[in-house]
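Keep in mind that this is a model prediction, so the values were computed, not measured. We name chains A, B, ... by the order of the sequence lines, and we start the count at 1 in each one. The analysis underlying the following values was restricted to heavy atoms, covering all of them including side chains, and did not include hydrogens, waters or symmetry mates.
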There are 2 protein chains.
Amino acid sequence: MQITRASEYAMLGLLALARRPMGEVVMLDVVAGEEDIPVSFLGKIFQSLARGKLVKSSRGSGGGFMLVRTPESITALEVIEVVEGPVSLTRCLDEDTGCEHASGCALCGLFAEAQDRVKEVFSGTTVAQLAGRHIPGGMVRNARGRERIVFRSQQSQAGSSLAEKSAV
Amino acid sequence: MQITRASEYAMLGLLALARRPMGEVVMLDVVAGEEDIPVSFLGKIFQSLARGKLVKSSRGSGGGFMLVRTPESITALEVIEVVEGPVSLTRCLDEDTGCEHASGCALCGLFAEAQDRVKEVFSGTTVAQLAGRHIPGGMVRNARGRERIVFRSQQSQAGSSLAEKSAV
DNA sequence: ATCAAGCGGACCAAATTGGTCCTGTTTAAA
DNA sequence: TTTAAACAGGACCAATTTGGTCCGCTTGAT
């Protein structure tokens, strides 16, 4: 279960759509600007989201992207799997290759359990829930135009486990 | 939380030691042979394990590796962190860089929770427990010598979620 | 002394990540 | 009916990570 930038950006992009009235069409560079994502990369990601039927695109002037499902119905797991494909925590759990350590490999069971826990968390969280907690960030409009503001001090909310420094 | 071959091999290597009486010294190529791991790569990994005080090495003839702690006291999480370093599910949770999406990034919270679940699983499993479930596998001796045997049919035990094929 | 074994650094190829860029198509609007 | 706006999709790219190999060095037992 590898969470890359692409998944992060996909979720942030969906949050940008979810903040708006359902069905509203938003241009790529607007989303990219709000969430501070490279627009060309976000384009690729939204292509995936469109193929995965999470958003619909319309072309031509006045075009852009809109949600095709309610934010309440889209889980984080769906988003991740649409952009990353059917991912797995290790190659042991990969659909194609499978575990190569053969017969009684105890590790597979362990990894499978860990992966299931992760999937539980992600499948139990919807875009709507995230949107509720999310403040767009990145760019903030002030008197002189657009300026990047970063609140380093707020990182600590990210998780208790961040503090534990282990051996390297 | 990225589980690479190195972590897998490290655990398998420790299992090989755990199968033996505590304190027994085992050579690298014996472990590598039992678990079907490239010996030179396993050497690197055991160097890490030695630095992480999970095993002790002795050099010269008759040398090899031995556990310095009981299999019951070594958790999977420790092993992973010794070989991979302080890993995180995403860059958002990385100690150094931290979340770059600024202020109210809801994703960090989500990722942190998922990561904590994974850590729970790994910190709740010991090498001893794994050793109990593990059958060395990989190589099986038969009449004509050594032959690689793979039990494809046993993959399915790895997790129910493996079957769900999502769009790519 | 000598041989067996791990140590540690240099090196390597392949895959993945995180993008960019350019040439289409589609569509709305002038 | 142009034309310009906007996404689609493929090619390409550099940097990093992964998964190793190799070789000369050091250590330790006989």
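- Between dT18(D) and Q2(B), a contact under 4.0 Å exists linking OP1 or OP2 to a side-chain N or O.
- Within the structure, every pair that satisfies the salt bridge (Lys or Arg N to Asp or Glu O under 4.0 Å) test and touches residues 9-33 of chain B, not counting sequence neighbours, is listed here: R19(B)-E34(B), R19(B)-E35(B), R20(B)-E24(B), R20(B)-E34(B).
- Pairs of residues two or more places apart, or lying in two chains, never qualify as side-chain hydrogen bond (donor to acceptor under 3.5 Å, both in side chains) while including a residue from residues 122-132 of chain A.
- In this structure, the side chain to side chain contact (heavy atoms under 4.5 Å, CB included) partners of S58(B), at least two apart in sequence or on a different chain, are V25(B).
- Its side chain outside the 4.5 Å cluster rule for every partner, V68(A) clusters with none of the Ile, Leu, Val, Met, Phe, Trp and Tyr residues.
- Comment: E78(A) engages R69(A) in a salt bridge, judged by a side-chain N to carboxylate O separation of less than 4.0 angstrom.
- In this structure, I45(A) atom CD1 and dG9(D) atom C1' are separated by 15 Å, rounded to whole Å.
- Against DNA chain C, the stretch residues 55-65 of chain A makes heavy-atom approaches under 4.0 Å through R59(A), G60(A), S61(A).
- Contacts between residues 16-24 of chain A and DNA chain D, defined by a heavy-atom separation under 4.0 Å, are absent.
- Between the side chain of Q115(A) and the main chain of L89(A), a donor-acceptor pair closer than 3.5 Å is present.
- For Q47(A) and dA8(D), the CD to P distance is 5 Å, given to the nearest whole Å.
- Identified under the ring pair (Phe, Tyr, Trp, His ring centres under 6.0 Å) test for residues 49-87 of chain A, with sequence neighbours left out: F46(A)-F65(A).
- For E120(B), the side chain to side chain donor-acceptor pair (under 3.5 Å) partners at least two apart in sequence or on another chain are R117(B).
- Straight-line distance from the CZ atom of F46(A) to the P atom of dA8(D): 10 Å, rounded to whole Å.
- Under the ring pair (Phe, Tyr, Trp, His ring centres under 6.0 Å) criterion, the residue pairs touching residues 17-41 of chain B are Y9(B)-F41(B), with sequence neighbours excluded.
- Every residue two or more places apart in sequence or in another chain was checked for a side chain to side chain contact (heavy atoms under 4.5 Å, CB included) with R59(B), and none qualifies.
- On the nucleic acid side, DNA chain C has its first and last nucleotide under 4.0 Å of a heavy atom of chain A at dT17(C) to dA28(C), going 5' to 3'.
- Residues forming a salt bridge (Lys or Arg N to Asp or Glu O under 4.0 Å) with E84(A) (at least two apart in sequence, or on another chain): none.
- At whole-Å resolution of the value, CG in L28(A) and C1' in dG9(D) are 14 Å apart.
- Taking atom CD of residue E8(B) and atom P of nucleotide dT18(D), one finds them 13 Å apart after rounding to whole Å.
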